[in-house]
Amino acid sequence: MSVNDYKYDVISIMDSIGAVSGNKLVLTLPGGVAIGRLPNESDLKNTESILNLFNDSFEKNRKSEKQSSPQAIGLIDVVYNSGPSTTKLPYMVFFIDQIVGVSFGSLEEN
(Lines give C-alpha, C1' and ligand atoms only; values in the text may rest on other atoms or scores of the structure.)
Protein backbone atom coordinates (compact mmCIF):
# COMPACT_ATOMS: atom_id res chain seq x y z
CA MET A 1 0.00 0.00 0.00
CA SER A 2 1.36 3.40 -0.95
CA VAL A 3 1.29 6.48 1.27
CA ASN A 4 -1.38 7.98 -1.02
CA ASP A 5 -3.56 4.86 -0.69
CA TYR A 6 -3.29 5.08 3.10
CA LYS A 7 -4.07 8.82 3.13
CA TYR A 8 -7.06 8.30 0.83
CA ASP A 9 -8.41 5.52 3.08
CA VAL A 10 -8.08 7.71 6.19
CA ILE A 11 -9.71 10.67 4.41
CA SER A 12 -12.61 8.49 3.22
CA ILE A 13 -13.23 7.10 6.72
CA MET A 14 -13.08 10.57 8.31
CA ASP A 15 -15.53 11.86 5.69
CA SER A 16 -17.94 9.00 6.48
CA ILE A 17 -17.72 9.61 10.23
CA GLY A 18 -18.24 13.32 9.63
CA ALA A 19 -21.34 12.68 7.51
CA VAL A 20 -22.88 10.40 10.14
CA SER A 21 -22.10 12.85 12.95
CA GLY A 22 -23.30 15.93 11.06
CA ASN A 23 -19.79 17.31 10.53
CA LYS A 24 -17.69 18.11 7.48
CA LEU A 25 -14.31 16.79 6.44
CA VAL A 26 -11.43 19.03 7.59
CA LEU A 27 -8.11 18.94 5.71
CA THR A 28 -5.03 20.62 7.14
CA LEU A 29 -2.73 21.86 4.39
CA PRO A 30 0.61 23.69 4.44
CA GLY A 31 -1.13 27.01 3.68
CA GLY A 32 -4.45 26.69 5.44
CA VAL A 33 -7.46 24.57 6.34
CA ALA A 34 -10.14 23.28 3.96
CA ILE A 35 -13.57 22.12 5.09
CA GLY A 36 -15.94 20.29 2.76
CA ARG A 37 -17.12 16.83 1.83
CA LEU A 38 -16.25 14.11 -0.61
CA PRO A 39 -18.73 13.67 -3.47
CA ASN A 40 -21.52 11.19 -2.80
CA GLU A 41 -23.54 9.06 -5.24
CA SER A 42 -26.11 11.76 -5.96
CA ASP A 43 -23.29 14.23 -6.76
CA LEU A 44 -21.81 11.73 -9.21
CA LYS A 45 -25.20 11.03 -10.84
CA ASN A 46 -25.92 14.72 -11.45
CA THR A 47 -24.67 15.13 -15.03
CA GLU A 48 -25.00 18.94 -14.79
CA SER A 49 -22.75 19.29 -11.72
CA ILE A 50 -19.41 21.09 -11.65
CA LEU A 51 -17.92 17.83 -10.41
CA ASN A 52 -18.97 15.93 -13.52
CA LEU A 53 -17.94 18.78 -15.79
CA PHE A 54 -14.48 18.66 -14.23
CA ASN A 55 -14.26 14.85 -14.37
CA ASP A 56 -15.36 14.70 -18.02
CA SER A 57 -12.99 17.48 -19.08
CA PHE A 58 -10.11 15.95 -17.14
CA GLU A 59 -10.59 12.52 -18.72
CA LYS A 60 -10.78 13.99 -22.23
CA ASN A 61 -7.78 16.30 -21.84
CA ARG A 62 -5.39 14.62 -19.44
CA LYS A 63 -1.87 14.05 -20.64
CA SER A 64 -0.54 12.21 -17.58
CA GLU A 65 -0.63 8.47 -17.10
CA LYS A 66 -3.22 7.07 -14.74
CA GLN A 67 -1.59 6.03 -11.49
CA SER A 68 -2.52 3.00 -9.43
CA SER A 69 -2.67 5.20 -6.30
CA PRO A 70 -4.89 8.26 -5.96
CA GLN A 71 -2.97 11.49 -6.55
CA ALA A 72 -5.70 14.00 -5.74
CA ILE A 73 -9.17 14.26 -4.24
CA GLY A 74 -11.98 16.68 -4.89
CA LEU A 75 -14.16 18.22 -2.19
CA ILE A 76 -17.58 19.80 -2.64
CA ASP A 77 -18.95 22.84 -0.78
CA VAL A 78 -15.49 23.91 0.35
CA VAL A 79 -14.63 26.61 2.85
CA TYR A 80 -10.91 27.36 2.59
CA ASN A 81 -9.33 29.34 5.42
CA SER A 82 -5.85 30.75 4.98
CA GLY A 83 -4.99 33.14 7.80
CA PRO A 84 -7.32 36.14 7.81
CA SER A 85 -9.12 35.21 4.58
CA THR A 86 -11.87 32.66 4.05
CA THR A 87 -13.06 31.60 0.61
CA LYS A 88 -16.16 29.53 -0.23
CA LEU A 89 -15.89 27.36 -3.34
CA PRO A 90 -18.29 24.87 -4.93
CA TYR A 91 -15.49 22.40 -5.73
CA MET A 92 -11.76 22.18 -5.08
CA VAL A 93 -9.11 19.58 -5.92
CA PHE A 94 -6.40 18.77 -3.37
CA PHE A 95 -3.21 16.90 -4.15
CA ILE A 96 -2.88 14.10 -1.62
CA ASP A 97 0.83 14.67 -0.99
CA GLN A 98 -0.01 18.19 0.25
CA ILE A 99 -2.47 17.03 2.92
CA VAL A 100 -0.84 17.25 6.35
CA GLY A 101 -3.76 16.13 8.52
CA VAL A 102 -7.42 15.20 8.43
CA SER A 103 -10.33 15.37 10.85
CA PHE A 104 -14.01 16.25 10.89
CA GLY A 105 -15.78 19.25 12.38
CA SER A 106 -16.93 22.72 11.43
CA LEU A 107 -15.42 26.16 11.00
CA GLU A 108 -15.68 28.06 14.25
CA GLU A 109 -16.02 31.83 14.19
CA ASN A 110 -13.69 33.74 16.54
Side-chain angles (χ1 to χ4, degrees):
M1 175 186 292
S2 76
V3 171
N4 286 356
D5 286 333
Y6 179 79
K7 278 186 174 182
Y8 185 78
D9 289 346
V10 170
I11 290 166
S12 296
I13 291 167
M14 288 295 222
D15 184 65
S16 296
I17 293 170
V20 169
S21 65
N23 289 289
K24 298 246 180 164
L25 184 66
V26 179
L27 301 180
T28 303
L29 307 155
V33 175
I35 300 171
R37 64 179 177 82
L38 292 174
N40 58 34
E41 276 189 51
S42 65
D43 296 318
L44 297 171
K45 288 180 182 176
N46 180 358
T47 57
E48 304 294 318
S49 72
I50 292 172
L51 169 68
N52 280 318
L53 176 63
F54 171 81
N55 288 343
D56 291 345
S57 295
F58 186 74
E59 287 302 317
K60 288 177 189 170
N61 297 301
R62 82 179 292 164
K63 306 273 189 265
S64 60
E65 282 185 36
K66 286 189 178 183
Q67 303 293 315
S68 60
S69 299
Q71 302 299 306
I73 61 165
L75 293 187
I76 293 177
D77 302 329
V78 177
V79 175
Y80 183 75
N81 186 307
S82 180
S85 65
T86 299
T87 306
K88 293 182 180 182
L89 302 163
Y91 183 69
M92 190 170 183
V93 175
F94 299 91
F95 297 99
I96 289 185
D97 64 344
Q98 295 298 306
I99 298 170
V100 178
V102 61
S103 188
F104 50 88
S106 61
L107 186 62
E108 296 292 327
E109 295 291 329
N110 290 338

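A quick note: this is a predicted structure, and the numbers were derived from the prediction, not measured.
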- Is the OH atom of Tyr8 crowded by more than 12 outside heavy atoms at less than 6.0 Å? no
- Give the minimum heavy-atom separation between Ile35 and Lys24, together with the two atoms involved. CG2-CB, 3.4 Å
- Message: Show the nearest heavy-atom pair for residues Lys88 and Val79, with the distance to one decimal.
- Response: CG-CG2, 4.1 Å
- Would you indicate whether the side-chain heavy atoms of Ile76 and Tyr91 approach each other to under 4.5 Å? yes
- Note on the structure: d(Ile73 CD1, Ile99 CD1) to nearest 0.5 Å is 4.0 Å
- Task: For Leu38 and Gly74, work out which heavy atoms get closest and say how close.
- Result: CD2-O, 3.8 Å
- Item | Within residues 10-21 or reaching into it, pairs that qualify as side chain to side chain donor-acceptor pair (under 3.5 Å) - sequence neighbours excluded | Ser21-Asn23
- Hey, quick one: are Phe95 and Val102 part of the same hydrophobic cluster, counting side-chain heavy atoms closer than 4.5 Å, chains of contacts allowed? no
- Note on the structure: Heavy atoms of Tyr80 and Ala34 approach each other most closely as CD1-CB, 3.9 Å
- Polar side-chain atom of Ser82 near backbone of Gly31 as donor-acceptor pair, under 3.5 Å: yes
- Query: For the residue pair Leu25 and Met14, what are the closest heavy atoms and their distance?
  - Reply: CD1-CB, 3.8 Å
- Note on the structure: Correct closest heavy-atom pair for Val93 and Ala72 would be CG1-CB, 3.7 Å
